[in-house]
Amino acid sequence: MKYWLVKTEPDECSIDTIAARGDAGMVWDGVRNYQARNFLREMQQGDQVLIYHSSCSKVGIVGLAEVTETAFVDPLQFDPDSPYFDAKSKPERPRWDAIRLQYRQTFARLLPLAELKKSPALAANPLVQKGSRLSVVPFTADEFQAVLALLN
DNA sequence: GCCAACGTTGGC
DNA sequence: GCCAACGTTGGC
């Protein structure tokens with residue numbers, strides 16, 4: 001089992017939005033960065049995914065989800081009306097993938113980015129590195145445990 | 001709203 | 001293949 005973190009803008013899709021989906025889960029689409037897409041493709045069923053709120057007043061880790069469906073073709077890339085439309089992507093050779101996540105829990109508190117940056121155990125993680133814009137971030141088992149420890 | 005950092009595009 | 005210009009991300 002692997003560990004990940006995904007960024008989401010709470011105005012668009014918050015941890016509550018994911019929770020409201022229940023067993024149906026949430027299709028995680030709209031990723032339009034090759035490095036992030038490659039990480040999506042590495043995800044396996046049952047992988048644990050930290051949910052991170054970005055581009056808002058309180059940025060940080062808010063909860064946990066689980067991968068319930070591995071990478072499939074993101075249909076939005078072929079939808080001209082979608083903001084995620086990609087004119088250069090062809091059905092016979094799709095560029096972008098999506099996955100499905102299911103809600104697991106909301107943490108007792110939001111773990112702010114500032115606190116993550118102070119943790120020596122997380123210093124090597126891309127999330128806390130200056131200028132990092134990766135929206136799908138791999139976590140080692142140790143880094144994942146460090147996050148849980150900070151929450152206690 | 002500002003701006004640093006980054007990825008992508010496209011001319012050459 | 002280089003690299004300048006541009007658009008986007010995302011914290012603050």
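Throughout, protein chains are lettered first and strands after them, A, B, ... in sequence-line order, and every chain is numbered starting at 1. What you see is a predicted model, and the numbers here were worked out from it, not measured in a lab.
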Chemist: I need the CD-P distance between A/Gln35 and B/dA5, as an integer number of Å.
Modeler: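 In whole Å, B/dA5 P and A/Gln35 CD are 18 Å from each other.
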
Chemist: With a cut-off of less than 4.0 Å, is there a side-chain N or O of A/Lys130 near OP1 or OP2 of C/dT9?
Modeler: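 No, A/Lys130 has no side-chain N/O under 4.0 Å of OP1/OP2 on C/dT9.
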
Chemist: Between A/Lys88 and B/dG10, does any side-chain N or O lie under 4.0 Å from OP1 or OP2?
Modeler: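 Result: yes.
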
Chemist: How long is the line joining CG of A/Leu110 and C1' of C/dG11, in whole Å?
Modeler: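 So the CG-C1' distance, A/Leu110 to C/dG11, works out to 14 Å.
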
Chemist: Starting at OH of A/Tyr84 and ending at C1' of C/dT8, how long is that distance when rounded to a whole Å?
Modeler: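 Checked: the OH to C1' distance equals 12 Å.
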
Chemist: Rounded off to whole Å, could you give me the CD-to-P distance for the A/Glu9 and C/dT9 pair?
Modeler: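 In whole Å, C/dT9 P and A/Glu9 CD are 8 Å from each other.
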
Chemist: C/dG11 P sits how many Å from A/Asp11 CG, rounded?
Modeler: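 To the nearest whole Å, that distance equals 13 Å.
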
Chemist: Can any side-chain N or O of A/Lys2 pair as donor or acceptor with the backbone N or O of A/Met43 at less than 3.5 Å?
Modeler: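 Checking the backbone N and O of A/Met43 against the side chain of A/Lys2, no donor-acceptor pair under 3.5 Å is found.
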
Chemist: What is the distance from CG of A/Leu116 to C1' of C/dG10, rounded to the nearest Å?
Modeler: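 To the nearest whole Å, that distance equals 15 Å.
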
Chemist: Write down the distance between NZ (A/Lys7) and C1' (C/dT8), rounded to a whole number of angstrom.
Modeler: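 Answer to the nearest Å: 12 Å.
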
Chemist: For atom CZ of A/Arg93, is the number of surrounding heavy atoms from other residues, nucleotides or ligands below 6.0 Å larger than 12?
Modeler: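 No, CZ of A/Arg93 has 12 or fewer neighbouring heavy atoms, counting only those of other groups under 6.0 Å.
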
Chemist: Picking from C/dG10, C/dG11, B/dT8, which would you name as closest to the side chain of A/Tyr34?
Modeler: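 The answer is B/dT8, which lies nearest to the side chain.
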
Chemist: Starting at CG of A/Asn38 and ending at P of B/dG7, how long is that distance when rounded to a whole Å?
Modeler: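 Rounding to the nearest Å, CG of A/Asn38 and P of B/dG7 are 13 Å apart.
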
Chemist: Under 4.0 Å between a side-chain nitrogen and a carboxylate oxygen: does that hold for A/Arg32 and A/Asp86?
Modeler: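 Judged by the 4.0 Å cut-off on N to carboxylate O distance, A/Arg32 and A/Asp86 do not form a salt bridge.
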
Chemist: For A/Tyr52, which of A/Leu110, A/Leu113, A/Val137 qualifies under side-chain contact (heavy atoms from CB on, under 4.5 Å)?
Modeler: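 That would be A/Leu113; it is the only one of A/Leu110, A/Leu113, A/Val137 passing the side-chain contact (heavy atoms from CB on, under 4.5 Å) with A/Tyr52.
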
